[in-house]
Structures are given as structure tokens and as C-alpha cells.
Amino acid sequence: MKNALGLSFLAALAAALCGAPAQAQQAPMTFFVTSVGKGNGADLGGLEGADAHCLALAKAAGSTLTNWRAYLSTTLPGGDAGVNARDRIGNGPWYNAKGVMVAKNVDDLHSDAVNLTKQTALTEKGDTVSGRGDAVNMHDILTGSDPSGRFSTAGGDTTCGNWTKSGDGSAIVGHHDRLGLKDTWHMRSWNSSHGSRGCSQEQLKSSGGAGLLYCFATN
């Protein structure tokens, strides 16, 4: 018994002297779904107001990062090029509040390999967001984007007036839980499922939304 104890002590000592690998540190949060919207439907105060909302929630949750951006696209009148959500969020990789990687880079984020599900698309507090099948469905996340993360060329209002409307209009939303009325590609899309019924808080709520956003920390 003494010999066994001695060998265990020597093994532990050798590991300490040789610099045994320390437990890997969790990656800092660089992605989340907002736990709340701004409260005025899709009127977010434009991109600037949306970014500020991401930053405020991240800071309240203890994040020291300041480079937060909302995953939102915009359009310009007359068919001119708008802002692409994919161009606003840096290069990745991105991790949720539990340290789980959701995407390695922008291409990965917009591929079938993206690790975005109800279990990984967590809020800044590390909580899951209710989705289809829950008592309250909030799976419609505002994006104004096509499947590749670019501004939509579908015509009509797809961004609730570039995130300044809280009445008439529409915005493209994605489903964070990857579920919908039908098992189709669009219903499984995290960023481009369908247009909202309107831009007010009540209209967003009526189709399964709450004015929530995806937030990413840029590099």
C-alpha cells in the first residue's frame, strides 16, 4: 500500500513538474440572441440603434467586448445596393454564452454545417429562447436578409423601413429553432424563413416573434 501511495505521489509530482495541461478555458461569448427586443416592434432606431441594443445587453451580461453588431441587412431606394448582414459581423469564429461554437467563419455560418439550433442559439444570459411548440413562440428573429446573409432583392419592404417602422410594412425573419409550419428549407432557415405580418410589436408577436435579434462580436 505504501509503495502504491508513493508511486501515486511521484506520478502527481512528475506531472506538476512537467507542466500538465490546464483545463481549457471557455471561449468568450461572441454570439447571442437578444433576450428582449427594443419594445417598439421592428423600429430599432436603424442599424445604429440595433447595434447599441446588442452592446447594452452584452454589457449587462458581463461581456467586456464592445464591438457588437446586429445581424441585419438594409436596402436603398431605387434598387441601389444595401447593407449586407454578413458584412457587418466580422470573420468569426463565434461562440455562444456556454462556449459552444456556432460557426467557424462567415461561409460556415451560411452553410448547412452551421451549428445554430434552439439548443445553441442562446441569449446573452445563456438561456434558450422559446420556439415552436412552447407556450409562447418567439422563434421569428429579425434579419431582413436572404439565405446568404445579403439584403433581399425580392421587392417590397423586407426591413420594416430599414428598421425604423413600427406599423405597416414587413421584415424578413429567420427561425432560431429551425422549425416551422412545414418541414421545408425556408422553415428550417435560421436567417430567411418568411416575411413578418407587420412591423409593430403586436404584429410581430402574432406570427411568432418578439422583435429579437442575432448579435455578433466582430474581430
Side-chain angles (χ1 to χ4, degrees), residues 29-34 36-59 63 65-94 102-111 114 116 121 124 139-176 186 189-201 203-204 209-219:
M29 177 181 68
T30 49
F31 160 83
F32 63 89
V33 178
T34 58
V36 293
K38 290 201 71 176
N40 194 26
D43 182 357
L44 309 171
L47 292 179
E48 184 178 350
D51 291 344
H53 185 52
C54 287
L55 175 59
L57 291 178
K59 185 176 181 181
S63 173
L65 302 178
T66 59
N67 51 342
W68 289 95
R69 298 290 182 271
Y71 181 93
L72 295 172
S73 295
T74 64
T75 58
L76 290 176
D80 293 331
V83 173
N84 298 320
R86 64 181 291 141
D87 297 335
R88 310 191 73 242
I89 59 174
N91 302 315
W94 296 285
V102 296
K104 295 180 290 186
N105 51 48
V106 173
D107 288 336
D108 189 42
L109 181 65
H110 297 94
S111 75
V114 63
L116 273 179
E124 74 279 1
H139 73 173
D140 282 359
I141 313 298
L142 298 170
T143 71
S145 304
D146 71 6
S148 66
R150 296 179 171 87
F151 68 91
S152 176
T153 58
D157 189 8
T158 57
T159 63
C160 282
N162 289 335
W163 316 111
T164 62
K165 288 183 179 179
S166 59
D168 292 337
S170 182
I172 294 174
V173 300
H175 290 165
H176 85 288
H186 281 292
S189 175
W190 67 272
N191 71 333
S192 193
S193 290
H194 59 85
S196 66
R197 292 179 180 173
C199 300
S200 72
Q201 195 69 25
Q203 287 169 321
L204 295 179
L212 305 185
L213 310 174
Y214 294 116
C215 299
F216 292 79
T218 64
N219 310 90

Quiz item: Sub-3.5 Å donor-acceptor pair from the side chain of R88 to the main-chain atoms of A70, do we have one?
Solution: yes
Quiz item: Going by heavy atoms in the side chains, are L213 and K38 under 4.5 Å from each other?
Solution: no
Quiz prompt | Test side-chain contact (heavy atoms from CB on, under 4.5 Å) applied to T218 - qualifying residues, sequence neighbours left out | solution = N67, R69
Exercise. Please name all residues satisfying ring pair (Phe, Tyr, Trp, His ring centres under 6.0 Å) with W68, sequence neighbours left out, ordered by chain then number.
Key: F32
Quiz item: Can you name the side-chain contact (heavy atoms from CB on, under 4.5 Å) partners of T30, sequence neighbours left out?
Solution: L65, W94, Y95, A217
Exercise. Fit a plane to each ring of Y214 and Y71, take the angle between them on a 0 to 90° scale, and name the class: parallel (under 30°), tilted (30 to 60°) or perpendicular (over 60°).
Key: perpendicular
Exercise. Would you give the length of the straight line joining atom SG of C215 to atom CD1 of I89, rounded to the nearest 0.5 angstrom?
Key: 11.0 Å
Quiz item: What's the spacing between L44 CG and H53 NE2 if we round to 0.5 Å?
Solution: 8.0 Å
Quiz item: Going from CG on D146 to OG1 on T153, what distance comes out if it is rounded to the nearest 0.5 angstrom?
Solution: 7.0 Å
Quiz prompt | Inter-residue atom distance I141.CD1 - W190.CH2, 0.5 Å rounding | solution = 10.5 Å
Quiz item: Say you draw a straight line from CG of L72 to SG of C54; how long is it, rounded to the nearest 0.5 Å?
Solution: 7.5 Å
Quiz item: At their closest point, which heavy atom of L142 faces which heavy atom of L204, and how far apart are they?
Solution: CD2-CD2, 4.2 Å
Practice problem: Apply side chain to side chain donor-acceptor pair (under 3.5 Å) to T159 and list each qualifying residue two or more places apart in sequence or on a separate chain. | Solution: N162
Donor-acceptor pairs under 3.5 angstrom involving side-chain atoms of residues 165-175: please list them, not counting sequence neighbours.
residue	atom	partner	partner atom	Å
K165	NZ	D157	OD2	3.4
S170	OG	S196	N	3.3
S170	OG	S196	O	2.9
H175	ND1	L179	O	2.8
H175	ND1	M187	O	3.1
H175	NE2	H139	NE2	3.3
H175	NE2	D140	OD1	3.1
H175	NE2	H194	NE2	3.1

Exercise. List for me each residue that meets side-chain contact (heavy atoms from CB on, under 4.5 Å) alongside K104, sequence neighbours excluded, and say none if there are none.
Key: M101, D108
Quiz item: Donor-acceptor pair, S200 side chain versus Q203 backbone, under 3.5 Å?
Solution: yes
Self-check item: Rounded distance [0.5 Å steps], NE2 in H176 versus CG in L116
Solution: 10.0 Å
